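Bear in mind the structure is a predicted one, so any value in this text is a computation, not a measurement.
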Amino acid sequence: DVQLQASGGGLVQAGGSLRLSCVASGFTFDDYALGWFRQAPGKEREGVACISSSDESTYYADSVKGRFTISSDNARNTVYLQMNSLKPEDTATYYCARRRHAIPWDGGLGRPRWYDYWGQGTQVTVSS
């Protein structure tokens, strides 16, 4: 079974940093792109970043460019999201997800429906 296990969330002050991890299992990691999404209460789920496991090319949402970095460790089947200079508006539940194999990589970060498997989410709270 495909599984995505996200962890690393927590409470941090504005300006601080967190690193999220997503451990994948049940599929060939190198064959897929993985992404991070977030959802705040009352808001739609939005894409944050994604990475191609084969060549490590990436996409970022404009709101996190220069502050967040997505990376992958293919030996550990793990994708990371390093979040620096955190802002209160980054507060949300963060989800990792596997991008559908049929979606062309040059399509950009994409929408939630472009992703077929989701982790359980990890809460990030940034206090002002």
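Annotation for P112 and R45: closest pair CG-O, 3.9 Å, computed over non-hydrogen atoms. Annotation for G9 and V124: closest pair CA-CG2, 4.1 Å, computed over non-hydrogen atoms. Here the closest non-hydrogen pair linking G47 and A61 is O-CB, 3.4 Å. Closest approach of F29 to V79, counting heavy atoms only: CZ-CG2, 3.6 Å. Heavy atoms only, all atoms of each residue included: A92 and A40 are closest at CB-N, 3.9 Å. In terms of heavy atoms, A24 sits closest to L4 at CB-CD2, 3.6 Å.
A donor-acceptor pair under 3.5 Å is formed between the side chain of R100 and the backbone N or O of R113.
Hydrophobic clustering keeps W114 apart from F27 (ILVMFWY residues linked when any side-chain heavy atoms are closer than 4.5 Å, directly or through intermediates). Clustering ILVMFWY residues whenever any of their side-chain heavy atoms sit less than 4.5 angstrom apart, transitively, puts Y60 in the very cluster that holds L86. L20 is connected to V12 through a chain of hydrophobic side-chain contacts under 4.5 Å among Ile, Leu, Val, Met, Phe, Trp and Tyr, so both are in one cluster. The hydrophobic clustering, which links ILVMFWY residues whose side-chain heavy atoms are closer than 4.5 Å, places W105 and I103 together. Hydrophobic cluster membership differs between Y95 and L34, with clusters built from Ile, Leu, Val, Met, Phe, Trp and Tyr side chains linked at under 4.5 angstrom.
Cation-pi geometry between R98 and Y117 is not met at under 6.0 angstrom from the ring centre and within 45 degrees of the axis.
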Any chance you could lay out the side chain to side chain contact (heavy atoms under 4.5 Å, CB included) test for S63 and R38, step after step, and finish with the verdict?
CA-CA 12 Å; S63 59; R38 66 186 182 186; 3.5 Å; yes
When you look at K87 and D90, which way does the salt bridge (charged side-chain N to carboxylate O under 4.0 Å, His left out) test go after all the steps?
CA-CA 5 Å; K87 304 175 182 180; D90 295 317; over 6 Å; no
Applying side chain to side chain contact (heavy atoms under 4.5 Å, CB included), run through Y32 and H101 and close with a yes or a no.
CA-CA 6 Å; Y32 288 86; H101 203 266; 3.7 Å; yes
Apply the test side chain to side chain contact (heavy atoms under 4.5 Å, CB included) to residues N77 and S25: give CA-CA distance (whole Å), side-chain angles for both, the deciding distance (0.1 Å), then the verdict.
CA-CA 7 Å; N77 286 4; S25 61; 5.7 Å; no
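Counting only N and O atoms by type, the side chains of S17 and N84 include a donor and acceptor under 3.5 Å apart.
With W36 as the partner, the side-chain contact (heavy atoms from CB on, under 4.5 Å) test is satisfied by one option alone out of V64, I70, L109, I51: I70.
The aromatic rings of Y94 and F68 sit tilted relative to each other, their planes meeting at an angle between 30° and 60°. Between Y115 and F37, the ring planes are perpendicular. Angles over 60° get that label, and only those under 30° would be called parallel.
Once rounded to the nearest 0.5 Å, the distance linking OG of S53 with CG of D73 reads 10.5 Å. Taking CD of Q82 as the start and CG of L18 as the end, the distance is 8.5 Å to the nearest 0.5 Å. One distance of note links CD of Q123 with CG of L11; it measures 9.5 Å at 0.5 Å rounding. Put simply, SG on C96 and CD on Q120 are 7.0 Å apart, with the number rounded to the nearest 0.5 Å. Atoms OG1 and CG, on T28 and N74 in that order, are 11.5 Å from each other to the nearest 0.5 Å.
M83 places none of its side-chain heavy atoms less than 4.5 Å from the side chain of R67. E89 has its side chain out of reach of V126: every pair of non-hydrogen atoms, C-beta onward, lies at least 4.5 Å apart.
A 6.0 Å sphere centred on CD of Q3 holds no more than 12 heavy atoms belonging to other residues, nucleotides or ligands. Within a 6.0 Å radius of CZ in R111, no more than 12 heavy atoms belonging to other residues, nucleotides or ligands are found.
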